[in-house]
There are 2 protein chains.
Amino acid sequence: MMDARKFRILQAIIDDYILTAIPVGSRTISKKYEMGLSSATIRNEMSDLEELGYLDQPHISAGRVPSAKAYRLYVDQLLQAGKIHSADAASIRDHFSQRAGKMEDVINRAAQVLSNVTHYTSLVMSPRGGEMRIRNIQLVPVSSATALLVIVTDNGIVRDTVIHVDSDLDADALYTLSRMLTERLAGRTLSEAMETLQGMSREFAQKRALLEGIGDLVTDVENQQEKGRLAFAGPSNILNFPEYNDVEKARAFLSLLETKDALVKLLEQHQNVAFTVRIGPETGVPELRECSLVTATYSLGDFTHGTIGVIGPTRMEYGRVLSILSAMGEQLTRLFAQDKE
Amino acid sequence: MMDARKFRILQAIIDDYILTAIPVGSRTISKKYEMGLSSATIRNEMSDLEELGYLDQPHISAGRVPSAKAYRLYVDQLLQAGKIHSADAASIRDHFSQRAGKMEDVINRAAQVLSNVTHYTSLVMSPRGGEMRIRNIQLVPVSSATALLVIVTDNGIVRDTVIHVDSDLDADALYTLSRMLTERLAGRTLSEAMETLQGMSREFAQKRALLEGIGDLVTDVENQQEKGRLAFAGPSNILNFPEYNDVEKARAFLSLLETKDALVKLLEQHQNVAFTVRIGPETGVPELRECSLVTATYSLGDFTHGTIGVIGPTRMEYGRVLSILSAMGEQLTRLFAQDKE
DNA sequence: GTTAGCACTCGTTTTGTGTGAGTGCTAACA
DNA sequence: TGTTAGCACTCACACAAAACGAGTGCTAAC
């Protein structure tokens with residue numbers, strides 16, 4: 001079975017592999033990491049570790065490489081040891097001083113900072129809108145047939161889209177309508193608002209089309225077209241790692257990012273846990289077989305959570321990434337809290 | 001000197017190289033392209049063409065590769081022969097049926113379509129705001145200290161940002177203020193608006209801070225932070241081309257895209273010509289030494305122009321790209337025109 | 001249980017050798 | 001004078017063989 005010494009050796013192997021990306025041999029461990037053991041002993045232990053499924057051997061005359069199972073152990077240990085000290089918190093705070101506002105801007109900026117600090121590819125997902133409470137709704141005339149619908153939530157978050165309106169509505173009419181909408185919908189969650197809107201469209205038959213249009217839109221905002229909720233930054237960072245020296249792999253990875261769908265799905269899973277580490281095959285996405293995805297959440301009100309994450313090679317600096325994500329999550333949570341009067 | 005036959009041969013070489021990306025030899029030309037000439041003759045001509053600077057030889061026992069000068073000739077011929085028939089116009093219209101609205105959405109969507117159709121990396125740049133005329137300005141309350149400033153131009157384009165406001169302004173006050181602003185600024189260009197705003201901030205001393213804030217913002221919108229004006233799509237398309245099989249090159253290219261700055265500069269040059277083709281070194285950007293940048297413009301009102309473009313390897317399908325860009329430019333121009341009542 | 005020693009494995013690097021596409025040149029031909 | 005056939009020559013590339021060496025597993029001694 002797995003004793004303390006084996007574990008120490010495994011850890012050394014993982015550390016070294018994370019650093020160098022080349023299979024690590026028994027000699028390396030016994031020399032670079034002072035174990036007080038000869039390479040032969042290490043060799044025996046490594047043989048055991050391989051049998052236990054923690055190490056893989058690319059070929060018989062090469063060193064060993066940590067398996068997904070090994071990283072899993074490593075990360076679990078990291079997580080439970082609570083080694084996630086927000087060391088980089090300060091640096092993140094420096095780079096990320098912003099106030100809430102347009103959700104899109106916030107997540108883009110956050111992704112930017114995250115990829116700059118980690119040097120990996122970063123992902124930031126805004127929360128579903130469903131739980132947010134409406135503070136204010138306003139229609140701004142654009143052309144004779146369109147208006148900009150602005151929805152402000154009580155987190156100080158703004159979302160807007162251009163919609164069709166009846167052409168007989170001038171600026172003042174729209175403003176009156178906006179006031180009425182705000183009056184009736186303020187304080188409700190978006191989900192509740194939709195029901196109310198349906199009721200209203202019965203009440204005010206003549207404005208039915210418009211109200212239903214708005215209703216549809218609120219739905220849209222609620223399940224905001226998934227793709228729009230995801231921001232990423234630093235896609236080309238993955239090319240810094242030798243495991244992506246193969247252009248085919250790189251292309252697959254980048255295409256995956258560009259499409260977004262798969263990532264959105266991944267980030268939507270496990271939204272209720274503070275940290276998630278999915279290693280290689282654990283992601284369930286073939287293109288990410290050699291990647292790890294580390295995520296954390298931030299909160300925005302009591303029930304609404306967003307996700308931030310980092311994608312990199314399986315030999316990721318998990319410790320550092322986890323602490324950075326933790327700091328960033330706190331930062332985002334604070335950002336949204338401060339704006340909630 | 002360059003006679004008609006040499007030109008035909010050069011054209012054949014370019015066509016072949018664009019297709020295959022492998023250096024083309026004399027035999028290929030005499031067989032695949034029916035010239036009625038033997039390979040030996042072609043060889044002589046090719047030798048001349050090389051001396052004239054139109055062909056390069058990667059090494060002595062390989063075929064020839066067109067030089068930047070050759071592409072230049074090829075493209076010039078293409079342009080003056082007016083071969084840019086909007087063949088793909090229909091297909092673009094299908095993929096790109098949208099109405100004006102948020103500028104950001106429009107350019108993103110356009111970039112998406114452009115990269116889908118061409119299979120190259122696409123660039124779409126929105127025009128500077130300076131020449132656009134204001135139709136409507138509105139402030140929407142967000143939190144007690146912030147508001148969303150929405151500016152609608154007479155092209156039906158919406159731009160908005162969150163700004164600070166005095167905390168003693170409630171929704172109605174903001175609306176009143178909005179009406180006043182609209183009344184005074186409607187019909188003016190953004191540049192003119194700024195002057196008016198300065199005047200106003202003298203007139204209404206108590207609102208000075210806010211008005212100046214808005215003024216600053218209009219400036220911002222005017223020279224909208226350059227980066228925000230550029231959208232691109234399909235960055236990983238470049239990896240489809242064998243000349244970017246080298247990961248280092250690919251990384252340099254992608255980083256360049258992510259940073260945006262250099263591209264913005266490139267697209268800002270020559271905004272007054274319908275088409276631009278910059279081949280390899282002509283771009284002046286070292287990372288694009290092996291790329292060509294083809295651009296076209298679209299117009300938005302009489303004096304305001306935006307740029308769309310495509311980046312690919314120097315052996316680009318210039319003809320096809322030019323005609324697609326032309327179609328797309330028309331499409332965008334029409335889009336903005338239709339919304340201008 | 002640990003370690004030195006050693007034979008063995010096998011990917012990587014180096015070296016060597018064809019192979020063939022393509023060239024330039026010359027000489028004959030129309 | 002322009003075109004073409006023929007031929008020697010070049011050189012990247014593909015492939016095989018050989019040398020290398022990092023790393024292993026096993027055995028025997030401590």
Side-chain angles (χ1 to χ4, degrees), chain A residues 1-10 12-17 19-67 70 242-243 245-246, chain B residues 1-10 12-17 19-67 70 242-243 245-246:
Chain A
M1 252 288 60
M2 182 82 152
D3 58 14
R5 194 173 73 175
K6 275 196 181 51
F7 186 72
R8 259 175 52 230
I9 292 175
L10 182 58
I13 294 173
I14 296 177
D15 285 338
D16 199 76
Y17 189 68
L19 209 66
T20 64
I22 54 182
V24 13
S26 52
R27 251 181 91 77
T28 314
I29 296 302
S30 94
K31 284 209 158 175
K32 244 167 69 175
Y33 303 80
E34 315 198 338
M35 298 256 139
L37 293 172
S38 79
S39 64
T41 311
I42 307 281
R43 222 145 44 223
N44 291 331
E45 296 288 45
M46 281 167 89
S47 182
D48 291 355
L49 283 167
E50 184 172 356
E51 207 164 329
L52 288 168
Y54 291 107
L55 294 179
D56 290 332
Q57 216 170 0
H59 54 265
I60 196 154
S61 71
R64 257 89 165 195
V65 164
S67 68
E243 31 274 85
N245 258 352
D246 179 20
Chain B
M1 253 289 59
M2 181 81 150
D3 59 15
R5 194 175 72 176
K6 276 195 180 53
F7 187 71
R8 260 177 50 231
I9 292 175
L10 183 58
I13 294 173
I14 297 176
D15 285 337
D16 199 77
Y17 188 68
L19 209 66
T20 64
I22 53 180
V24 12
S26 52
R27 250 180 91 78
T28 314
I29 296 302
S30 92
K31 284 209 157 173
K32 245 168 67 177
Y33 302 80
E34 316 198 336
M35 298 256 139
L37 292 172
S38 78
S39 64
T41 312
I42 307 281
R43 226 150 34 229
N44 290 332
E45 295 288 45
M46 281 167 88
S47 182
D48 292 352
L49 283 168
E50 184 172 355
E51 207 164 329
L52 289 167
Y54 292 107
L55 293 179
D56 290 331
Q57 215 171 2
H59 54 264
I60 195 153
S61 71
R64 256 89 167 194
V65 163
S67 68
E243 32 273 85
N245 258 351
D246 178 20

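Naming convention: chains lettered A, B, ... in sequence-line order (proteins, then strands); numbering from 1 in each chain.
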Nearest-Å distance, CD1 (A:I13) to C1' (D:dT24)?
13 Å
Main-chain N/O of A:G53 paired with A:S67 side-chain donor or acceptor, under 3.5 Å:
yes
Specify the separation, in whole Å, of atom NZ of B:K31 and atom P of D:dT4.
15 Å
Of the candidate nucleotides D:dT3, C:dC25, D:dT24, which contains the atom at the shortest distance from the side chain of B:T41?
D:dT3
To the nearest Å, give me how far apart CD (A:E50) and P (D:dC26) are.
11 Å
Base, sugar-phosphate, or nothing for B:S26, non-hydrogen atoms under 4.0 angstrom?
sugar-phosphate
Quick check on DNA chain D: between B:L37 and A:M46, whose nearest nucleotide comes earlier from the 5' end?
B:L37
For C:dA28, the nucleotide meeting Watson-Crick or G-U wobble distances (both under 3.5 Å) is D:dT3
Ignoring the backbone of A:H59, work out which of C:dC25, D:dT24, C:dG11 is nearest its side chain.
C:dG11
Hey, which of these two, B:N44 or B:S61, hits DNA chain C nearer its 5' end, going by closest nucleotide?
B:S61
Rounded to whole Å, how long is the line connecting atom CD1 of A:I42 with atom C1' of C:dG1?
14 Å
Considering every strand shown, what is the Watson-Crick or G-U wobble mate of D:dC30 when both distances are under 3.5 Å?
C:dG1
Counting side-chain heavy atoms from C-beta on, which of D:dG25, C:dT3, D:dC11 comes nearest to A:A40?
C:dT3
Want to settle it: does B:P58 or B:R43 sit nearer the 5' end of DNA chain D, counting the closest nucleotide to each?
B:R43
Starting at CG of A:D48 and ending at P of C:dG1, how long is that distance when rounded to a whole Å?
11 Å
Measure the distance from CD on B:E45 to P on D:dT3 and round it to the nearest whole Å.
7 Å
D:dG2 phosphate, OP1 or OP2, under 4.0 Å from B:R5 side-chain N/O
no
Give a yes or no on whether a salt bridge exists between B:K32 and B:D16, defined as a side-chain N under 4.0 angstrom from a carboxylate O.
yes
Identify whether any heavy atom of A:R27 sits under 4.0 Å from a base atom; if not, whether one sits that close to sugar-phosphate; answer base, sugar-phosphate or nothing.
nothing
Rounded distance (Å) that lies between atom P of C:dA21 and atom CD1 of B:I22
11 Å
Using whole Å, report how far CG of B:L49 lies from P of C:dG22.
17 Å
Are B:D48 and B:K6 ion-paired here, with the side-chain N under 4.0 Å from a carboxylate O?
yes
Carefully, step by step, assess B:V24 and B:R64 under the rule side-chain contact (heavy atoms from CB on, under 4.5 Å).
CA-CA 5 Å; B:V24 12; B:R64 256 89 167 194; 5.9 Å; no
Please report the closest heavy-atom contact between A:E243 and A:A21, naming both atoms and the distance.
OE1-CB, 4.2 Å
Between B:R64 and C:dA21, is there a contact of a side-chain N or O with OP1 or OP2 at under 4.0 Å?
no
